[in-house]
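Worksheet: one structure, shown below.
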Protein chains: 2
Amino acid sequence: MDERKWLFDLLNVEEQQLSEKQLNILQAAIEMFAEKGYAATSTSEIAKRAGVAEGTIFRHYKTKKDLLLAIVKPTLFQSVAPFLAKKFVKDVFENEYEHYEQFVRAVFKNRYEFVKTYLPAIRVLWQEMAFHSDIKVQFQTIFINHVYDKFKQIVEHFQQKGELALLPPETIIRLTITTIAGFLATRFLIMPDYPWDDEQEMERTIQFLMNGLKA
Amino acid sequence: MDERKWLFDLLNVEEQQLSEKQLNILQAAIEMFAEKGYAATSTSEIAKRAGVAEGTIFRHYKTKKDLLLAIVKPTLFQSVAPFLAKKFVKDVFENEYEHYEQFVRAVFKNRYEFVKTYLPAIRVLWQEMAFHSDIKVQFQTIFINHVYDKFKQIVEHFQQKGELALLPPETIIRLTITTIAGFLATRFLIMPDYPWDDEQEMERTIQFLMNGLKA
DNA sequence: CATAAAAGTGAGTGATTACTCACTTTTATT
DNA sequence: AATAAAAGTGAGTAATCACTCACTTTTATG
């Protein structure tokens, strides 16, 4: 019926019911913010692309910034979604993942699919984080409160098992994240037109990471 | 006398003589573009911060975009400066660097100082590359023509010496660059307020990289 | 010192901006 | 079917935008 289940999923608003026009507005805003940036995109352009009157935008979002936040906030949460799941750490400790490599593989694959699916919205989040300190602070807060602590437990768990080098956990976390994020940024942002063999390149990246981190 | 040698160095305009007011304009533009972004910064704001009349900006730069390019182009070249030096590859082959690790160390240290010194201008380059396809194309062109080929020769050299894993050179280049860039981005953009021990963290990063890439 | 070129100025301009509001249309509720 | 609430509209508005231009000041050159 509607090819925009992804918008529902991303914005996590399955319970609320957004009208067709509201979805048009959000989709147009995501696309144009991703292409030209928030500041360089006018509300009249968004209205035109969405096929609505300019006043309709302000009926639903008090300001242009509110429209940006309606896109950015859910994307921010989805970016770290695996770590927000309550049973996530328990899964790791109860031998859902026997080795750090399996854990990394699962996260990598999962985030690869996420970036592939929601690329435009993710672009908007990362681009505008540089200009809006409130968004950057929200990101840092969520990372510290919900991602860092859990990640640290997991790293220490595998260090005790003798799988990982005895570096400070924050260093291992940083190297893990920048290695994965480095691949995704290169693949989807910097060189999206290069003929990648994704499976193979991800495999090489994981081997590199595990060699680099092993005890 | 003047504490702005860095501006001369960055913009690589030692021969031309820029007036005091021109330097004020460039400095103000770099700072404001870095903070708020190009599109969100008005020429009247730049003039105010630079202490000049708005017309003075347009006396030197035909359009606002020209002012952006006057900042971005030299920064783009400086970003890959080590690879642009003619004798760079020869240095590597003639045992200036006996091991890949020494080469990586030299590049890492060099680019660390570069980012530390010119951070605002580098922010502008990377932020606006996302919105201006002409800038992105320039970057890709320079990378392919001046960086990639030389880097590839160096990697193959150390692969033949048996120091590096026999992965495709482009994969080794990617992993090397994203590991270094990942540290610099985390250190200077994402978490600039975290109390880093730069020396130690760079050392760990190099060990990680070499372990990950060794044959 | 004379003269011209270059640098600097700021009021002015038409276009565009985010946003408002009185009004119409659609949807939900009884 | 009646009524109210919600959604949608588009002309209108004050502010701001990048940029121009006639003019003044500074600098370089013989």
Side chain of [X]: nearest nucleotide among [options]?
X      : options                  : result
V52(B) : dA7(D), dT20(C), dT9(C)  : dT9(C)
E54(A) : dT20(D), dC19(C), dT9(C) : dC19(C)
F58(A) : dT9(C), dG8(C), dC19(C)  : dC19(C)

Would you indicate, yes or no, if [N] has its OP1 or OP2 atom less than 4.0 angstrom from a side-chain nitrogen or oxygen of [X]?
X      : N       : value
K21(A) : dT26(C) : no
S44(B) : dT16(D) : no
K64(A) : dA18(C) : yes
H60(B) : dA6(C)  : no
T63(A) : dA18(C) : no

Can [X] and [Y] be counted as having a side-chain donor-acceptor contact under 3.5 angstrom?
X       : Y       : value
T205(A) : R174(B) : yes
D198(A) : Y112(A) : yes
E54(A)  : T43(A)  : yes

Output the rounded distance in Å from [atom1] ([X]) to [atom2] ([N]).
X      : N       : atom1 : atom2 : answer
Q22(A) : dT9(D)  : CD    : P     : 12 Å
L68(B) : dA18(D) : CG    : P     : 13 Å
I57(B) : dA7(C)  : CD1   : C1'   : 14 Å
K62(B) : dA7(C)  : NZ    : P     : 16 Å
L67(B) : dC19(D) : CG    : C1'   : 13 Å
M32(A) : dA18(C) : CE    : P     : 11 Å
R59(A) : dA22(C) : CZ    : P     : 12 Å
I46(B) : dG8(C)  : CD1   : P     : 16 Å

Just checking T56(A): base, sugar-phosphate only, or nothing, at a heavy-atom cut-off of under 4.0 Å?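 If one applies the 4.0 Å heavy-atom cut-off, T56(A) turns out to touch a base.
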Contact class for S42(A) (heavy atom, under 4.0 Å): base, sugar-phosphate, or nothing?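 Answer is sugar-phosphate: S42(A) comes under 4.0 Å of backbone atoms only.
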Residue whose nearest DNA chain C nucleotide is more 5′ - G51(B) or T43(A):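 In this pair, the answer is G51(B).
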Quick one: are M210(B) and I206(B) in side-chain contact, heavy atoms under 4.5 Å?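 They are in side-chain contact.
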Between W196(A) and Y194(A), how do the two ring planes meet: parallel, tilted or perpendicular, split at 30° and 60°?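 Rings of W196(A) and Y194(A): perpendicular, as their planes differ by over 60°.
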